[in-house]
Amino acid sequence: MQSYTIGQAARLLGVSPDTARRWADAGRVATHRDDAGRRLIDGRDLAAFSVEIAHAGDTGDADTSRTSVRNAFPGIVTAVTLGDVAAQVEIQAGPHRLVSLVTREAVEELGLEVGAEAVARVKSTSVHIDRA
């Protein structure tokens, strides 16, 4: 399972590292320490927390921009539903929830799973997902 540093989590959640640190200190998201002593957040915990704060409308930072550059939305995979041929992938990118229908093969090749970092790219009516 992929884990994220406080700084990485902050970037994925669209908040400052100080906000992410305060949330961790308050116990809103569980952390553990690696061998170097850095605080890490498990990908599944971060995915669940990103959905929770998005539903609550809590970005933590009043001046957080809600726009994307070149239609790229870096975030964390919060759900993957696999069918025989197609798959549905949900990404929480800061306050934005994006859902894309892609092939099952693409999901498997990219190694997309809940807690994985990914980037949703929007072009016209299509959403493309890159593994970060």
Side-chain angles (χ1 to χ4, degrees):
M1 171 54 57
Q2 185 166 350
S3 292
Y4 297 90
T5 65
I6 295 290
Q8 290 170 322
R11 184 175 49 80
L12 292 171
L13 296 171
V15 299
S16 71
D18 287 337
T19 296
R21 198 171 294 107
R22 281 193 303 273
W23 285 341
D25 290 344
R28 291 190 60 190
V29 62
T31 63
H32 64 277
R33 299 224 180 241
D34 66 5
D35 294 337
R38 296 180 305 168
R39 286 198 302 183
L40 301 176
I41 303 170
D42 285 333
R44 287 189 183 275
D45 292 338
L46 184 59
F49 183 65
S50 70
V51 171
E52 175 189 322
I53 64 170
H55 286 177
D58 184 4
T59 63
D61 293 329
D63 61 348
T64 300
S65 173
R66 292 184 181 236
T67 63
S68 68
V69 176
R70 297 187 183 175
N71 301 320
F73 294 83
I76 187 166
V77 176
T78 58
V80 177
T81 305
L82 295 174
D84 291 336
V85 176
Q88 178 177 308
V89 179
E90 294 182 31
I91 294 176
Q92 193 69 44
H96 309 289
R97 176 180 168 262
L98 297 112
V99 180
S100 180
L101 297 176
V102 296
T103 65
R104 179 186 183 119
E105 181 180 9
V107 168
E108 292 169 349
E109 284 180 9
L110 291 170
L112 295 174
E113 62 181 13
V114 172
E117 185 176 355
V119 178
R121 298 192 188 276
V122 180
K123 180 179 179 188
S124 187
T125 59
S126 299
V127 176
H128 304 268
I129 299 175
D130 301 333
R131 179 70 191 261

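With contacts defined as side-chain heavy-atom distances shorter than 4.5 Å, the pair R39/R33 qualifies. You'll find the side chain of D45 stays beyond 4.5 Å of the side chain of T31, heavy atoms only. Taking 4.5 Å as the limit, some side-chain heavy atom of Y4 sits within range of a side-chain heavy atom of I76.
Partner of R21 under the side-chain hydrogen bond (donor to acceptor under 3.5 Å, both in side chains) criterion, chosen from D25, T19, D18: D18.
Scanning for side-chain hydrogen bond (donor to acceptor under 3.5 Å, both in side chains) contacts around S3 gives D42, with sequence neighbours left out. Residues forming a side-chain hydrogen bond (donor to acceptor under 3.5 Å, both in side chains) with R11 (at least two apart in sequence, or on another chain): E117. Qualifying side-chain hydrogen bond (donor to acceptor under 3.5 Å, both in side chains) partners for E108, counting only residues two or more places apart in sequence or in other chains: R104. Residues satisfying the side chain to side chain contact (heavy atoms under 4.5 Å, CB included) test with T81, not counting sequence neighbours, are Q88. Scored by the side-chain hydrogen bond (donor to acceptor under 3.5 Å, both in side chains) test, E113 finds no partners at all (sequence neighbours excluded). Take A10 and apply the side chain to side chain contact (heavy atoms under 4.5 Å, CB included) test, not counting sequence neighbours, and it matches V15, P17, A20.
Not one N or O on the side chain of R38 forms a donor-acceptor pair closer than 3.5 Å with the backbone of T5.
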Side chain to side chain contact (heavy atoms under 4.5 Å, CB included) assessment of R28 paired with I53: CA-CA 10 Å; R28 291 190 60 190; I53 64 170; 3.6 Å; yes
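Applying the under-4.5 Å side-chain rule to Ile, Leu, Val, Met, Phe, Trp and Tyr, the cluster around V85 consists of that residue alone. Other members of a hydrophobic cluster containing V114 are absent, since no ILVMFWY side chain comes under 4.5 Å of it, directly or through relayed contacts. V89 belongs to a hydrophobic cluster with V77, V80, L82, I91, V102, V107, L110, L112, I129, counting contacts under 4.5 Å between side-chain heavy atoms of Ile, Leu, Val, Met, Phe, Trp and Tyr, direct or through other members. Cluster partners of V51: none. The rule joins Ile, Leu, Val, Met, Phe, Trp and Tyr whenever side-chain heavy atoms lie under 4.5 Å apart, and it links nothing here.
Heavy atoms only, all atoms of each residue included: G75 and L12 are closest at O-CD2, 3.2 Å. Between A54 and P95, the shortest heavy-atom distance links the atoms CB-O, 4.5 Å. For A47 against G115, the heavy-atom pair with the smallest separation is CB-N, 4.1 Å. Residues R131 and G111 come closest through the heavy atom pair NH1-O, 2.9 Å. Contact detail for A72 and R121: the closest heavy-atom pair is CB-NH1, 3.3 Å.
Sorted by first then second residue, the ring pair (Phe, Tyr, Trp, His ring centres under 6.0 Å) pairs that include residues 99-121, not counting sequence neighbours, number zero. Within the structure, salt bridge (charged side-chain N to carboxylate O under 4.0 Å, His left out) contacts touching residues 75-95 (residues at least two apart or in different chains) are E90-R97.
Residues L40 and V29 do not share a hydrophobic cluster, clusters being chains of Ile/Leu/Val/Met/Phe/Trp/Tyr side chains in contact below 4.5 Å.
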